[in-house]
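Presented below is the structure to which this report refers.
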Amino acid sequence: HRDLHSFPTRRSSDLSSSGDPAATGVAARSAKDALQTVTPMISDAIDRQVLMVSADCPLNQTVVAMGAVGGASASGVNSRHASCALIVEKEQIVGIFTERDIVRLTANDVCLTTLSVADVMTSPVKTLQKSAFQDIFAVLFLFRRYRIRHLPIVDEHNHPIGIVTPDSIRRVLRPANLLKMRRVADVMSTNVIHAAPTVSVMYLAQQMAEHRVSCVVIAEVDSHSATSREIRAFLPVGIVTERDIVQFQALGLNLQRLTAQDVMSAPLFLLEPTDSLWTAHQEMQTRHVRRLVVSWNWGDSLGIVTQTSLL
């Protein structure tokens, strides 16, 4: 389709990281030096295979392109697993549309066939000029400051070069020593949303949107009484993510009829809080996933480690 391209995007203002608190202190400088030492080239963290669409592109076609159901784009580059689409007009980024936006629209039961991507995109878009992309910490600072997971990189003319994401950073970083010294318990989130295997996928999308999380852990619950109180043990059996919702929408599946157990990724590899972050990093790379479930106290508690929390 003429509106679909698989190439980079444009600009906003040149963002600097001079306020980065991680750049101060001896320990922080040591960590920064270690990260730079194991990063061959900062530019390797720029993903240059970016899905671009025009503002008038139908929303359902954008979702199909992000889900890679339509195969290669008009430019001949496969857009498999695009976590976002950049909306570009006259070589300028005018908006961004992400997996989380698709989950939100799905949860609200919005009809994707009647809208253009411009109707639902986020605008304006934070971008970073390539000349200002000097170290990984600058980007991590911007991720946290603006609560974003996609940062387009542009050249001195504000022409698109690519995009940086937690995934693209993790692919080039090899901070083995740093990760081996820290434990999963140091960075994991205990804000875990779980659901039964029998709930609908629509319910899962609604839970993701309501709690602003990127996944729902599918778990069986075993309740029993002991010492005058009820003990609940969670047995994680699968996981459903934002990316799954994108693909289901791209395929035109009925999310009210589909259940979690029909579509969940299973079986799960479970981490323990005492595992090193290096173990988590290796497992994410081996299994090609962006998050891992943590379980401890015989299933009494659950946690999540994401690729972002490793950085």
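Nothing here was measured: the structure is a model prediction, and the numbers come from that model. For this chain, numbers begin at 1 and follow the sequence in order. Values below: every heavy atom of this structure, side chains too, minus hydrogens, waters and symmetry copies.
Partners of Arg287 under the side chain to side chain contact (heavy atoms under 4.5 Å, CB included) rule, at least two apart in sequence or in another chain, are Phe269, Glu283, Val289. In this structure, His211 has no ring pair (Phe, Tyr, Trp, His ring centres under 6.0 Å) partners at least two apart in sequence or on a different chain. Scanning for salt bridge (Lys or Arg N to Asp or Glu O under 4.0 Å) contacts around Arg290 gives Glu99, with sequence neighbours left out. Listed by chain and residue number, nothing satisfies the side chain to side chain contact (heavy atoms under 4.5 Å, CB included) test with Thr286 (two or more places apart in sequence, or in another chain). Thr279 pairs by the side chain to side chain donor-acceptor pair (under 3.5 Å) definition with Ser276, not counting sequence neighbours. The side chain to side chain donor-acceptor pair (under 3.5 Å) search around Asp101 returns Thr98, Arg104, not counting sequence neighbours. For Gln256, the side chain to side chain donor-acceptor pair (under 3.5 Å) criterion is met by no residue, not counting sequence neighbours. Looking at residues two or more places apart in sequence or on another chain, you find no side chain to side chain donor-acceptor pair (under 3.5 Å) involving Ser168. The ring pair (Phe, Tyr, Trp, His ring centres under 6.0 Å) test applied to Phe133 returns no partner, not counting sequence neighbours. For Ala266, the side chain to side chain contact (heavy atoms under 4.5 Å, CB included) test picks out Met264, with sequence neighbours left out.
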Exercise. Apply the test side-chain contact (heavy atoms from CB on, under 4.5 Å) to residues His157 and Glu91: give CA-CA distance (whole Å), side-chain angles for both, the deciding distance (0.1 Å), then the verdict.
Key: CA-CA 10 Å; His157 303 294; Glu91 298 188 90; over 6 Å; no

Self-check item: Audit row: Ile169, Leu140, side-chain contact (heavy atoms from CB on, under 4.5 Å) steps and yes/no
Solution: CA-CA 9 Å; Ile169 292 176; Leu140 297 181; 4.0 Å; yes

Self-check item: Residues Ile304, Val293; criterion side-chain contact (heavy atoms from CB on, under 4.5 Å); working and verdict
Solution: CA-CA 5 Å; Ile304 288 282; Val293 178; 3.9 Å; yes

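Under the side chain to side chain contact (heavy atoms under 4.5 Å, CB included) rule, Leu112 has a single partner from Thr62, Leu59, Val120, which is Leu59. Of the candidates Asp244, Val240, Ile245, Val240 is the only one forming a side chain to side chain contact (heavy atoms under 4.5 Å, CB included) with Val263.
Side-chain atoms of Ser214 do not come within 3.5 Å of backbone N or O of Glu242 as any donor-acceptor pair. No donor-acceptor pair under 3.5 Å is formed between the side chain of Asn297 and the backbone N or O of Asp300.
In this structure, a donor-acceptor pair under 3.5 Å is present between the side chains of Gln129 and Asn158. Using modelled atom types, one finds a donor on one side chain and an acceptor on the other under 3.5 Å when comparing Ser54 with Asp56.
Applying the salt bridge (charged side-chain N to carboxylate O under 4.0 Å, His left out) test to every pair with at least one member in residues 210-221, sequence neighbours left out, gives no pairs at all.
Of all non-hydrogen atoms in Val217 and Pro236, the two that sit nearest each other are CG1-CB, 4.0 Å.
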Counting only pairs under 3.5 Å, give me each side-chain donor-acceptor contact of residues 184-202, with atom names and distances, residues two or more places apart or in other chains.
residue	atom	partner	partner atom	Å
Asp186	OD2	Arg183	N	3.0
Ser189	OG	Asn191	N	3.1
Ser200	OG	Tyr203	N	3.0

